[in-house]
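So the structure is just underneath, and the comments pick up after that.
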Amino acid sequence: MKIATFNINGIKARLPRLKEWLEETRPTVACLQEIKSQDDGFPGSELEDLGYHVLTHGQKAFNGVAILVDKNAGYSAPVEVQRGLGIDGPKDGEGEQARYLEIDVAKEGERPTRIVCIYLPNGNPHPGPKFDYKLAWMEKLRARMGEIWSSEVPAAVLGDFNVIPHDDDVWSPKAMAKDALMQPESRDAYFRLLADGWTDAVRTLNPRGGVWTYWDYQAGAWQRDHGFRIDHILLTPELADRLEAVGVDREHRGREKASDHTPVWARLRD
DNA sequence: ATGGTAGACGCTCTA
């Protein structure tokens with residue numbers, strides 16, 4: 001089973017790139033973030049035609065997550081477990097933002113795997129209400145991940161965490177020092193998840209860092225390789241034991257009309 | 001201190 005996460009930065013602008021990535025790399029499960037679309041505006045049928053079950057949790061203009069599951073690999077339609085974490089956005093009265101989708105996937109008659117797709121708040125500028133929202137969201141996430149852990153279902157949490165865990169996960173810690181993505185409070189909240197027992201799949205197989213998953217559109221960041229790692233895959237022990245390989249589809253960042261993130265994937269022994 | 005780019009939307013916000 002190959003699980004993947006990809007912040008596509010807008011489905012309307014990215015559909016051709018997304019389709020070619022699915023066809024070329026064929027993930028079993030793909031967690032998408034920043035679809036920037038409402039559910040009824042999402043081109044689900046185009047992805048169904050590629051052989052994927054499609055489940056979306058969208059909103060107008062911003063945020064939004066979706067999960068794709070490969071029908072051709074024999075998987076049944078995903079069963080939704082939870083949509084949203086139950087936390088309002090930082091502005092008064094705006095309600096909850098679309099950042100969390102949790103499902104079970106399984107082949108017919110087999111034991112399910114829990115898949116959680118997240119788009120964690122960016123948190124800039126720091127300090128401020130958006131940063132406070134980020135930390136509150138991470139606390140809610142930790143509580144929910146604790147419940148999943150306790151239920152002992154094999155689980156993976158994938159997505160754009162908007163956290164640079166270590167100084168070797170960024171091209172220049174100095175240049176990014178004031179950014180919400182690498183504040184000590186952001187990192188500590190992330191490390192608490194690992195202390196709870198979750199395995200950072202990419203880090204485990206690349207312990208010395210130097211792996212980027214995001215390059216800003218601005219200031220020639222891609223051309224200068226000024227990137228960092230914020231898209232993560234966290235695994236419960238059973239899935240961590242089955243971890244075979246991880247990868248970043250870096251080449252896709254250099255294509256025409258690319259997202260500013262690259263896909264990240266992990267292959268688990270069946 | 002600023003600007004650099006991209007996406008969705010609608011005369012601006014988010015990243």
Side-chain angles (χ1 to χ4, degrees), chain A residues 5-21 31-44 46 56-66 87-100 117-138 159-165 169-172 174-183 185-187 189-190 212-232 250 252-264:
Chain A
T5 176
F6 188 9
N7 180 322
I8 58 173
N9 190 15
I11 187 61
K12 297 175 185 76
R14 210 70 60 220
L15 186 59
R17 291 290 85 82
L18 174 62
K19 286 170 72 174
E20 79 190 13
W21 172 67
C31 294
L32 309 180
Q33 302 85 35
E34 284 204 88
I35 64 173
K36 294 184 172 180
S37 159
Q38 298 181 98
D39 292 339
D40 59 14
F42 191 86
E46 294 220 34
T56 60
H57 175 38
Q59 68 176 79
K60 190 177 181 182
F62 302 116
N63 309 314
V65 290
I87 178 170
D88 285 342
K91 281 191 244 166
D92 255 5
E94 74 167 305
E96 178 154 22
Q97 300 181 347
R99 297 181 174 275
Y100 183 97
C117 177
I118 70 162
Y119 176 47
L120 207 146
N122 174 292
N124 279 306
H126 161 269
K130 289 188 175 179
F131 189 71
D132 297 341
Y133 168 58
K134 175 183 195 141
L135 297 183
W137 205 95
M138 293 186 82
D160 178 356
F161 281 68
N162 270 316
V163 176
I164 298 168
D169 289 316
V170 56
W171 65 281
S172 166
K174 198 175 163 189
M176 293 288 291
K178 292 186 174 157
D179 200 284
L181 309 197
M182 52 178 286
Q183 291 312 302
E185 296 97 320
S186 309
R187 287 178 164 180
Y190 182 78
W212 317 150
T213 68
Y214 171 93
W215 293 257
D216 202 296
Y217 287 126
Q218 303 183 69
W222 168 246
Q223 289 76 11
R224 298 174 187 183
D225 199 25
H226 290 180
F228 41 83
R229 185 174 74 100
I230 52 176
D231 300 278
H232 306 309
R250 185 185 162 103
H252 287 252
R253 179 62 182 82
R255 298 192 184 189
E256 282 298 309
K257 295 279 285 177
S259 170
D260 42 3
H261 295 250
T262 48
V264 180

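Note that this is a predicted model, so its numbers are computed, not measured. The figures here come from the full heavy-atom set of this structure, side chains too, leaving out hydrogens, waters and symmetry mates.
The CD-C1' distance, from A:Gln218 to B:dT5, rounds to 5 Å in whole Å. As rounded to whole Å, 9 Å separates atom P of B:dT14 from atom CD of A:Glu94. The CD atom of A:Gln223 sits 11 Å away from the P atom of B:dT5 (whole-angstrom rounding). In this structure, the CZ atom of A:Phe62 is 18 Å from the P atom of B:dA6, given to the nearest Å. In this structure, A:Gln38 atom CD and B:dA8 atom C1' are separated by 12 Å, rounded to whole Å. Atoms NZ (A:Lys60) and C1' (B:dC9) sit 7 Å apart, rounded to a whole Å. One atom, CG of A:Asn9, and another, P of B:dA8, lie 7 Å apart when rounded to the nearest Å. Rounded to whole Å, atom C1' of B:dA6 lies 15 Å from atom NZ of A:Lys12.
The main-chain N or O of A:Asn162 is found under 3.5 Å from a side-chain atom of A:Lys134 such that the two form a donor-acceptor pair. A distance-only check finds no donor-acceptor pair linking the side chain of A:Glu46 to the backbone of A:Pro43 [under 3.5 Å].
Picking from B:dC9, B:dA15, B:dT14 the nucleotide with the shortest atom distance to the side chain of A:Ala61 gives B:dC9.
Checked against the 6.0 Å centroid threshold, A:Tyr190 and A:His232 count as a close aromatic pair.
Atom CG in A:Asn7 sits 9.0 Å away from atom OG1 in A:Thr213 (nearest 0.5 Å).
For the residue pair A:Lys36 / A:Asn9, a side-chain donor-acceptor distance below 3.5 Å is found, with atom types taken as modelled.
Across all strands shown, A:Arg99 has heavy atoms under 4.0 Å from sugar-phosphate atoms exclusively, and none from any base. Looking at heavy-atom distances under 4.0 Å, A:Tyr119 makes contact with sugar-phosphate atoms alone, never a base.
Nearest-nucleotide positions on DNA chain B for A:His261 and A:Gly10 put A:Gly10 closer to the 5' end. With the nearest nucleotide of DNA chain B identified for both A:Lys257 and A:Gly123, A:Lys257 has the one nearer the 5' end.
The phosphate of B:dC13 (OP1 or OP2) has no side-chain N or O of A:Lys36 nearer than 4.0 angstrom. In this model, the phosphate group of B:dT14 is approached by a side-chain N or O of A:Lys130 to a distance below 4.0 Å at OP1 or OP2.
Between B:dA1 and B:dC11, the distance separating the two P atoms is 32 Å to the nearest Å. Here, B:dC9 and B:dC13 have their C1' atoms 9 Å apart, quoted to the whole Å. On the C1' atoms, B:dG10 is 24 Å away from B:dG4, given to the nearest whole Å. B:dA8 sits 25 Å from B:dG3 when the P atoms are compared, rounded to a whole Å.
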